[in-house]
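Take a look at the structure set out below.
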Amino acid sequence: MTDLTRLSAADLAGLLASRAVSSVDATRAHLDRIESVDEDVHAFLHVAGEKALATAAGIDQRRAAGEQLAPLAGVPIAIKDVLATNDMPSTSGSKILEGWLPPYDATVVRKLREAGLVPLGKTNMDEFAMGSSTEHSAYGPTRNPWDLERIPGGSGGGSAAAVAAFEAPLALGSDTGGSIRQPAAVTGSVGVKPTYGGVSRYGAIALASSLDQVGPVSRSVLDAGLLHDVIGGHDPFDSTSLTDTWPSMADAARAGLADGALKGVRVGVIRELSGEGFQAGVTQRFEESLALLESAGAEIVEVSAPSFEYAVAAYYLILPAEASSNLARFDSVRFGLRVDPSDPPVTVERVMSATRDAGFGPEVKRRIILGTYALSAGYYDAYYGSAQKVRTLIQRDFASAFEKVDVLVSPSAPTTAFKFGEKLADPMAMYLNDITTIPANLAGVPGMGLPIGLAPEDGLPVGLQLMAPARADARLYTIGAALEQLLEQKWGGSMLSQAPDLSATEMFASEEGAV
Ligand code: GLN
């Protein structure tokens, strides 16, 4: 019998629609997989086994009654813990929200439920989505399924690891500076940060509101497109939500599989996002992918984006500034934790201070202090004001690049997965890791990360990032699916099928150089 956890969401959806497989069986297979591997991987903070099976049974009944259901109905999904769910705790990886049960669902979660997807549980993340490794989770890190001694990326390491370890075919993530794309890169999965405003942020616990976007995590470009179609579109509850009518991203992905899809596509390689500081194997796989695109008729052009050099600096002022303001709502009164001061008097201010001291971890405190400082009256222009000017320059760099090319490409991350502890003590090293992903958030343009092979020196996944102009998300799906098809033809299958089978007693050794 087919292992249901190894199927793509699209294939599983096909089997469900034809009733060859029931949603209860598909859900149970994933819960069993979670049971057998998640003690090691720790992708989940909360697993809602019984609820998932009940939801699945409901879908099966409706289907048996002849009801026409949405394309992904009955397919299990994991949800990043940054998203409010009214039937599962939502902690954003923080002790300050331990056990918090939101009174409502995030819009994207409501849309999942309406489309009949089956939530399996909530995934681990760096506290309040601050980090690139999940080491800042208050509940312990997630481990990379390719090597349990290494980080799965962050902040959405849980969602990426859940998908890469076959615990869920799909997951939701959020990306403020790369938290969908960088975990995708280091786990060999696919992740998309949509155009800012393309997917609702209502019910996504805010990190930096002008940068945050919710998006899909999957094992194929088509699967990401199918999920994007479910969660995308206007939401009156989100004041920054675009009112556009969007094309189907799944159809855009399918269009990429046609012959000649890459003919004449102008692909811009960003000079500033390559070369020095990039791991040799990452650069090698990236260049091979460019050659592959070129062999299929794409035109490779080098473009320069001189302001990208300042992107990390600008981001690490804008993000803490917005985060310090957003996190002011955790005041010990309205949400979650309340800690009384150890000695009297018990004043509002002292309760607030004791609660925030106990409830926030060191990275969150660091960013609140940085953000408060950057926004303080005497320094506002020098720091926050300058960072906003850099943001404008970055937007202009994108605009002038997109006059010459259809998409921009770079490696998704400078290196493959690093070891636990390697960057934890040095916040700057952790921040610099985001160099490739941050520009897209500052400009609001969409970005997709997809796997392009294993680095020869360490056998770990390498990702390529595609970026398109705002609102042109569909272009990412077409070109992404075309590249994915070329790579899979070369490898004779998907890259993730080479990942270690964590449930086996002996690890599956991937053949040297096969991918
Ligand atoms: N690593 C980035 C940060 O720490 C990205 C965060 C995110 O996208 N949520 O801010």
Side-chain angles (χ1 to χ4, degrees), residues 80-83 91-94 123-138 141-142 151-160 171-187 191-194 196 199 201 204-217 311-324 326-327 360-368 370-371 374 387 391 412-415 417-418 422-424 426-449 463 465 467:
K80 188 178 181 184
D81 210 30
V82 74
L83 293 162
T91 69
S92 208
S94 181
T123 58
N124 196 17
M125 54 184 282
D126 286 293
E127 185 174 6
F128 287 110
M130 298 178 187
S132 310
S133 67
T134 74
E135 288 165 294
H136 294 310
S137 167
T142 296
I151 60 103
S155 65
S159 282
L172 283 184
S174 69
D175 190 312
T176 306
S179 287
I180 290 177
R181 289 162 289 156
Q182 182 258 7
V186 299
T187 59
V192 178
K193 181 201 93 70
Y196 183 77
V199 174
R201 290 185 296 110
I205 297 169
L207 170 53
S209 309
S210 76
L211 303 161
D212 297 343
Q213 258 308 272
V214 176
V217 180
V312 172
Y315 171 90
Y316 279 101
L317 284 167
I318 293 169
L319 178 136
E322 292 188 24
S324 69
N326 275 325
L327 296 180
F360 288 143
E363 181 62 21
V364 174
K365 287 178 184 158
R366 182 179 299 127
R367 295 200 195 189
I368 290 174
L370 202 66
R391 189 171 190 173
S412 300
T415 67
F418 46 91
E422 213 175 296
K423 303 199 178 185
L424 196 56
D426 180 1
M428 274 301 278
M430 191 76 93
Y431 298 169
L432 284 169
N433 187 66
D434 301 334
I435 173 116
T436 44
T437 47
I438 277 173
N441 299 80
L442 288 172
V445 305
M448 168 186 283
Q465 174 181 223
M467 289 175 283

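We count ligands from 1, going down the list as the structure has it; atoms in each ligand are counted the same way. No experiment lies behind these values; they were computed from the predicted model shown.
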Atom indices of ligand 1, in the order listed, that fall short of 4.0 Å to a heavy atom of [X]:
X    : value
A129 : 6 (C), 7 (C), 9 (N)
S155 : 9 (N)
D434 : 1 (N), 2 (C), 3 (C)
G131 : 1 (N), 2 (C), 3 (C), 4 (O)
S179 : 5 (C), 6 (C), 7 (C), 8 (O), 9 (N)
M130 : 4 (O)
D175 : 8 (O)

Quick check: does [X] get an N/O under 3.5 Å from an N/O on ligand 1?
X    : result
G154 : no
L207 : no
S174 : no
K80  : no

(message) Please check: side-chain N/O of N326 versus main-chain N/O of L207, any donor-acceptor pairing under 3.5 Å?
(response) yes
(request) Kindly say whether E135 contributes a backbone atom to a donor-acceptor pair with the side chain of D126 at under 3.5 angstrom? (result) yes
(request) Decide yes or no on side-chain hydrogen bond (donor to acceptor under 3.5 Å, both in side chains) for Q182 and S412, but give the supporting numbers first. (result) CA-CA 6 Å; Q182 182 258 7; S412 300; over 6 Å; no
(request) Run the contact test for Y316 against ligand 1 with a 4.0 Å cut-off on heavy atoms, strictly below, and give the result. (result) yes
(message) Contact between ligand 1 and R367 is defined here as a heavy atom of the residue under 4.0 Å from a ligand atom; is it met?
(response) yes
Distance-minimising heavy-atom pair for [X] and [Y]:
X    : Y    : value
A185 : A413 : CB-CB, 4.3 Å
S159 : L172 : OG-O, 2.8 Å
A311 : L442 : O-CD1, 3.7 Å

(message) As a test of understanding, state which of E422, E363, H136 forms a side chain to side chain contact (heavy atoms under 4.5 Å, CB included) with M430.
(response) H136
(request) Examine the side chains of R201 and S174 and answer whether a donor and an acceptor come within less than 3.5 Å of each other. (result) no
(message) Considering non-hydrogen atoms of the protein only, which is the closest contact for atom 10 (O) of ligand 1, and what is the distance?
(response) Y315 OH, 2.7 Å
(request) Return the orientation label for the F128 and F360 ring planes: parallel under 30°, perpendicular over 60°, tilted otherwise. (result) perpendicular
(request) Decide yes or no on side-chain hydrogen bond (donor to acceptor under 3.5 Å, both in side chains) for T142 and N124, but give the supporting numbers first. (result) CA-CA 7 Å; T142 296; N124 196 17; 3.0 Å; yes
(message) Heavy atoms only, cut-off 4.0 Å: how does F128 contact ligand 1, side chain, backbone, both, or neither?
(response) neither
